[in-house]
Protein chains: 2
Amino acid sequence: MDKKQKALFEARARIIKAMAHPTRLYIVDELSRSERCVAELTEMIGADTSTVSKHLSILKNAGLIKDEKRGTQVFYYLKTPCILNFFGCVESVLKSTAEENISLIESK
Amino acid sequence: MDKKQKALFEARARIIKAMAHPTRLYIVDELSRSERCVAELTEMIGADTSTVSKHLSILKNAGLIKDEKRGTQVFYYLKTPCILNFFGCVESVLKSTAEENISLIESK
DNA sequence: CAGATATTTGGCAATATAGCCAAACAGCCA
DNA sequence: TGGCTGTTTGGCTATATTGCCAAATATCTG
């Protein structure tokens, strides 16, 4: 693996890593329905505001979401809706694993 | 966010987390072309065999790849090729971020 | 069985991540 | 300006991840 190729995989991993957390997945999912301000997300998630704010900045730095300030509030929204394609596949992995577990139990 | 919903996002995050590493992305990419044994991947990646083996077991536990033993070798292959859909979107995030950076520079 | 090859596991040190609290900061309004 | 609301940042501790080495395990072959 040469240097250039390595850099590409590192760049890709940074983006995926940004989504590799339940709270951040939740945020992405929620923003796919509509934009939200920090306070709204904090309420839904049930963590400290500062924690949610940090998760948002991770998603933002990865280039997945954008923000817009309106008065004292900051609204966040999805930048690249294609992210949602991730979910379909993740779901099918979950499903296939679950099915295997079931057949393991049944054939016992 | 209720308990059930939380568990679902945690399950999804576990799968995404398994891919959130450059070496593991490389492995998935490589296995999308053909199955490979540990020694082959180790050679391509240029890390310790034990390191590669651990990465493989992370992918396997997440349900993304499967293995098959043949003699002393263990061959790994993709279990859910739809994972590759991830890459398309990751690429478009990378591209859009890059374009923004360029326009930032140009409008300076 | 002994030796060789391929892979996994245990253990450890370095580094990264998560979440909370407290404090700083920003914009609004009286 | 001073206080209020909403958000971000700094700092800390607890926990998780990474990657190497050494050792264990498995399979094949003479």
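Basis for what follows: all heavy atoms, side chains included, without hydrogens, waters or symmetry-related copies.
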NZ or CZ of B/R36 within 45° of B/Y76 ring axis and under 6.0 Å
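Checked: cation-pi criterion not met.
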Please say whether more than 12 non-hydrogen atoms of neighbouring residues, nucleotides or ligands are located less than 6.0 Å from CD in B/E43.
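Counting neighbours around CD of B/E43, 12 or fewer heavy atoms of other residues, nucleotides or ligands fall under 6.0 Å, so no.
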Can you tell me how far [atom2] of [N] sits from [atom1] of [X], to the nearest Å?
{"X": "A/K6", "N": "D/dG19", "atom1": "NZ", "atom2": "C1'", "value": "12 Å"}
{"X": "A/I58", "N": "C/dA16", "atom1": "CD1", "atom2": "C1'", "value": "11 Å"}
{"X": "A/D67", "N": "D/dG6", "atom1": "CG", "atom2": "P", "value": "17 Å"}
{"X": "B/L59", "N": "C/dT7", "atom1": "CG", "atom2": "P", "value": "16 Å"}
{"X": "B/I65", "N": "C/dT8", "atom1": "CD1", "atom2": "C1'", "value": "14 Å"}

Verify the contact: side-chain N or O of A/H55 to OP1 or OP2 of C/dT17, cut-off strictly under 4.0 Å; return yes or no.
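No, outside the criterion.
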Looking at D/dT8, I'd like to know if its phosphate oxygens (OP1 or OP2) sit under 4.0 Å from a side-chain N or O belonging to A/Y76.
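For D/dT8, OP1/OP2 do have a side-chain N/O of A/Y76 under 4.0 Å.
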Please tell me if the side chains of A/L94 and B/L8 come closer than 4.5 Å, counting only heavy atoms from C-beta onward.
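A side-chain contact under 4.5 Å exists here.
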Close residues, residues 9-45 of chain B, relative to DNA chain D [heavy-atom separation under 4.0 Å]:
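Heavy-atom cutoff 4.0 Å gives B/K17, B/H21, B/R24.
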If you look only at distance, which donor and acceptor atoms sit under 3.5 Å apart when one is on a side chain in residues 10-19 of chain A and the other is two or more places apart or in another chain?
from, atom 1, to, atom 2, distance (Å)
A/R12, NE, B/E91, OE1, 2.9
A/R12, NH2, B/E91, OE1, 3.3

Check this for me, if you would: do A/E68 and A/K66 make a salt bridge, where the nitrogen-to-carboxylate-oxygen distance has to be below 4.0 angstrom?
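Between A/K66 and A/E68 there is no salt bridge, as every charged N stays at least 4.0 Å from the carboxylate O atoms.
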Taking only Lys NZ, Arg NE, NH1 and NH2, and the carboxylate oxygens of Asp or Glu, determine whether A/E100 and A/K95 approach each other closer than 4.0 Å.
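The answer is no: the pair does not qualify as a salt bridge.
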How do B/Q73 and B/S57 order along DNA chain C: which one's closest nucleotide is nearer the 5' end?
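With B/Q73 and B/S57 compared, the 5'-side residue is B/Q73.
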Mark up nucleotides 21-30 of chain C, 5' to 3', with B wherever a protein heavy atom is under 4.0 angstrom from a base atom, S wherever such an atom reaches only the sugar-phosphate, and - elsewhere.
BB---SBS--
Report the relative orientation of the aromatic rings in A/H55 and A/H21; use parallel for angles under 30°, tilted for 30 to 60°, perpendicular for over 60°.
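The rings of A/H55 and A/H21 sit tilted, inter-plane angle from 30° to 60°.
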Nearest-0.5 Å distance that lies between atom CE in B/M44 and atom CD in B/E30:
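Those atoms lie 4.5 Å apart.
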Give a yes or no answer on whether the side chain of B/E40 reaches the backbone of B/C37 with a donor-acceptor pair at less than 3.5 Å.
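Such a contact is found between B/E40 side chain and B/C37 backbone.
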